[in-house]
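Encoded as structure tokens, the structure appears first; notes follow it.
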Amino acid sequence: MLTANRSRTANKRATNVSLPEDLLAEAKALQINISQAAEVGVAQAITRARSELWLAENQEAIERSNAYVEKHGLPLAKYRTF
């Protein structure tokens, strides 16, 4: 899974990653590409962190919107066909 603003051809930079020996051994036995797996995991962690940050930054607006709907109903509810 790649983030929307990154491409597969993005420049890569070597880095060191420390993993428990048993996890590394099992990954190698299953022929898992450690670099690719780490890249996917980091991309997922970034996506999750961005989502959590957005939610925290917008929590007040979400609460206000929910309060409005609770008090007044959905703005165009009379046009709903379901």
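Throughout, residue positions are numbered sequentially from 1 according to the sequence presented.
Counting only residues at least two apart or in different chains, ring-ring contact (aromatic ring centres under 6.0 Å, His included) contacts with residues 59-78 comprise Tyr68-His72.
Residues meeting the salt bridge (Lys or Arg N to Asp or Glu O under 4.0 Å) test with Glu57, sequence neighbours left out: none.
To the nearest 0.5 Å, atom CG of residue Leu53 and atom CD1 of residue Ile46 are 13.0 Å apart. The distance from the CD atom of Glu39 to the CG atom of Asn33 is 9.5 Å, given to the nearest 0.5 Å.
Using a 4.5 Å cut-off between side-chain heavy atoms of Ile, Leu, Val, Met, Phe, Trp and Tyr, Trp54 falls into a hydrophobic cluster with Leu55, Ile62.
Under the 3.5 Å distance criterion, the side-chain polar atoms of Ser51 are matched with a main-chain donor or acceptor of Thr47.
More than 12 heavy atoms of other residues, nucleotides or ligands lie within 6.0 Å of CD in Gln59, so this atom counts as buried by the packing criterion.
Val42 and Val17 are members of different hydrophobic clusters when ILVMFWY side chains are connected at heavy-atom separations under 4.5 Å.
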